[in-house]
There are 2 protein chains.
Amino acid sequence: MATNAPSSPPPRTLTLRDVSEASGVSEMTVSRVLRNRGDVSETTRNKVLQAAKDLGYVPNKIAGALASQRVNLVAVIIPSLSNMVFPEVLTGISEVLDETPLQPVFGVTNYQPEREEKVLYEMLSWRPSGVIIAGLEHSEASKAMLKAAGIPVVEIMDVDGEPIDSMVGISHRRAGREMANAIVEAGYEHIGFLGTKMPLDHRARKRFEGFTEALAKSGLEVEDQEFYSGGSALAKGREMTETILTRSPNLDFLYYSNDMIGAGGLLYCLDKGIAVPQQIGLAGFNGVELLDGLPRQLATMDACRAEVGRAAAHIIAKRVSDPNAQPGERIVLKPQIDFGDTLLRR
Amino acid sequence: MATNAPSSPPPRTLTLRDVSEASGVSEMTVSRVLRNRGDVSETTRNKVLQAAKDLGYVPNKIAGALASQRVNLVAVIIPSLSNMVFPEVLTGISEVLDETPLQPVFGVTNYQPEREEKVLYEMLSWRPSGVIIAGLEHSEASKAMLKAAGIPVVEIMDVDGEPIDSMVGISHRRAGREMANAIVEAGYEHIGFLGTKMPLDHRARKRFEGFTEALAKSGLEVEDQEFYSGGSALAKGREMTETILTRSPNLDFLYYSNDMIGAGGLLYCLDKGIAVPQQIGLAGFNGVELLDGLPRQLATMDACRAEVGRAAAHIIAKRVSDPNAQPGERIVLKPQIDFGDTLLRR
DNA sequence: GATCTTTCTGTTAGCGTTAACATAGCGTTT
DNA sequence: AAACGCTATGTTAACGCTAACAGAAAGATC
């Protein structure tokens, strides 16, 4: 019997040696050609490239990385993909890394510290050149791993706390405060809050803290609250808004922890013929472009998602290309309130 | 001096040898403990685990993979992250792989065949155990790479064509046909189509083909069309709907290539006081849960995103754990029309 | 023409881990 | 007590590639 079944893939995967034999030069020369490193004559270069192409050779980065002690991967660790926020961050990261030899690898934690720890461990075991990780809150073990890894680490999306190395993001406390101030200045006095039932979403928590703190300074407080988990955010926003307004009919402003539930609330108010923003004002958080087509534009505050991704990627790229670059960079973005059509001005 | 600078990372990353020296056993034994492979006495096991923990050792999978010729990665290649569709597929994949030693690694192509080729090459160079890739249309080079890789390949989201190995998805032609038939049966006669200006979105194209084909069988045709690219889908849906209805006021049905622009169209019609579904019927595609809170429920057809992800992951997991498992599996999911509130029944 | 450059190619020795085999120790069997 | 079997550990040789150095070929300099 010759080999195996007809037109089946070659039994063994190809190595440099195969290309080397096919082109009649040493493995080292093939390696040089394929990596564009060192001087190789035009003639051999072409010979090698042709052979590699004919054979369908794909280099083995595992062996390459082990030999060179260099890995072009950047670990990107985020809490969720369904949130719409994070895909945008990833897009920003990819955009920048595309112009470098670096390649992002994503991991998702579902907002669970144990998952984060596991994902981080898995990723670090591939010895990436850098880590981009959402948030500043991590388990002790995770922090220890990040410190011990000896690679650039950028914590993103939040700047209210001490980073391990670098950080890029906005202050969610400040975002909460500014929205509270805008609401107070606009003259609203009976304020309700609607958010996720997610104790581990530290950024939502910080926004809420900043929000209540700033209200308190004006002698106000959140008069009623409503929380949800799971399900379609738009539908939940409707339900919760109905619930809270039924329970506390005198509320004149609703602050939502994200734009999707805010949009649900907006649709509910419009359905019920509630005058927005006169009778009730509304605001969300994130600046989700997706919602641009709604009948009214929800007041919100941009979380600068793509920009955060780009900045984080730039930091990693710089640190990787220049090992002497200063660590501990801190980039604090300052988003402005977008008043939209649901928050009175002044 | 005890070790190195205070609280600075160790100058060199740790290896098995460090753990081996710290625990007084051979590297091999450490390796066995850390992988739970082979017999190791309880005493040494604990000694080793303690030492590894104290040192903060993280195994080097690069070296491990090279030595064992086994890599626990599954390459997942999708066109886009901003589409909402794909994050759901990824969630389904993760869900299943979480219960195996396999780990997904994502790559994004932005619907560009050249990007797909590059991403695929990069991923294959890490010698993953399997590939999950969206669509059945790939460049010749990509197909060649996939065939030559000698690993299980699952093409997902579409079943209208010949897979390289396995496939999981729905027939978009059928989806288009069924929607056309439902529309015709409901009595609509003047039909418009609105979609993305994206020649490389083969699935949208196939839906359109199936749609027109089925209309033709009933003696009907698409009377007007409108295309967009970029921007907020909801807003675009509004604009396009206005444009097409202004140009062709006698249309009585609008078929949208996705739910987001469909939702924009729905909001537009409601704004204008158009009677939906009597005066004009509407339908989209995908079954986006996100939209559940809209004033009316858009007629749509589920693309079974999470289910597709799960099934694909199962195929890979099976093939990896049992090298004799049959290749070429084909799973065709059959979604039903969801009439919602925007398509008359019967 | 001998020496020195410069350009190109080859050789050797790992990178950190694991597969496969070897061996030490110890209780059992006959 | 010799032979056997079992468990627990160690030794050796890859895995496929690249860094670092070595050498050959070809031209340049004196």
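Proteins get letters first, then strands, A, B, ... in listed order; numbering begins at 1 in each.
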Rounded to the nearest Å, what distance is computed from the NZ atom of residue B/K47 to the C1' atom of nucleotide D/dT9?
11 Å
Nearest to the A/V40 side chain among C/dT9, C/dA19, C/dG16, which nucleotide is it?
C/dT9
Are OP1 or OP2 of C/dT9 and a side-chain N or O of A/S41 less than 4.0 angstrom apart?
yes
Rounded off to whole Å, could you give me the CZ-to-C1' distance for the B/R37 and D/dT9 pair?
18 Å
Can you tell me how far C1' of D/dT18 sits from CD1 of A/I62, to the nearest Å?
15 Å
Considering residues, nucleotides and ligands other than B/H314, do more than 12 of their heavy atoms fall under 6.0 Å from its NE2?
no
Tell me the interatomic distance from A/N46, atom CG, to C/dT9, atom C1', rounded to whole angstroms.
16 Å
Tell me: CG of A/L16 to P of C/dG10, nearest whole Å?
13 Å
Need one value for B/R45: base, sugar-phosphate or nothing, where a base atom within 4.0 Å counts as base even if backbone is also close, heavy atoms only.
nothing
Is there a side-chain polar atom (N or O) of B/Y57 under 4.0 Å from OP1 or OP2 of C/dT17?
yes
Distance check needed: C/dG10 C1' versus A/R17 CZ, whole Å only.
13 Å
Considering just the side-chain nitrogens and oxygens of A/S68, establish if one lies under 4.0 Å of OP1 or OP2 belonging to D/dA19.
no
Is the backbone of B/G64 close enough, under 3.5 Å, to the side chain of B/S68 for a donor and an acceptor to pair up by distance?
yes
Phosphate oxygens OP1/OP2 of D/dT9: is one of them under 4.0 Å from a side-chain N or O of B/T44?
yes
So, is A/T29 close to the C/dC8 phosphate, meaning a side-chain N or O under 4.0 Å from OP1 or OP2?
no
Is the shortest side-chain N/O distance from B/Q69 to OP1 or OP2 of C/dT17 below 4.0 Å?
no
Return whichever of A/R35 or B/D39 has its heavy-atom-nearest nucleotide of DNA chain D closer to the 5' end.
B/D39
Within a 6.0 Å radius of atom CZ on B/R17, are there more than 12 heavy atoms belonging to other residues, nucleotides or ligands?
no
B/D165 and its salt bridge (charged side-chain N to carboxylate O under 4.0 Å, His left out) partner, picked from B/R330, B/K147, B/K143, B/R319
B/R319
Nearest-nucleotide check on DNA chain C, A/E27 vs B/M28; residue mapping nearer the 5' end is A/E27
What's the closest nucleotide to the side chain of B/A63 if the choices are C/dA19, D/dG16, C/dG16?
C/dG16
At under 4.0 Å between heavy atoms, what does A/N60 touch on the DNA or RNA strands: base, sugar-phosphate, or nothing?
sugar-phosphate
Give a yes/no answer on whether the side chain of B/R70 brings an N or O atom under 4.0 Å of OP1 or OP2 in C/dA19.
yes
Would you call A/R115 and B/D98 a salt bridge, using N to O less than 4.0 angstrom?
yes
Of C/dT18, C/dG10, D/dT18, the nucleotide closest to the side chain of A/S26 is C/dG10
Tell me whether the side-chain N or O atoms of A/R32 pair up with the base of C/dG10 as donor and acceptor below 3.5 Å, since no angle test is needed here.
yes
Does the pair A/E122/A/K118 count as a salt bridge with the N-to-O cut at 4.0 Å?
no
How close or far is atom P of D/dG16 from atom CG of A/L34, stated in whole angstroms?
16 Å
Between C/dT18, D/dG10, D/dG16, which nucleotide gets closest to the side-chain atoms of B/S31?
C/dT18
Without decimals, in angstroms, what is the distance between B/E42 CD and D/dT7 P?
15 Å
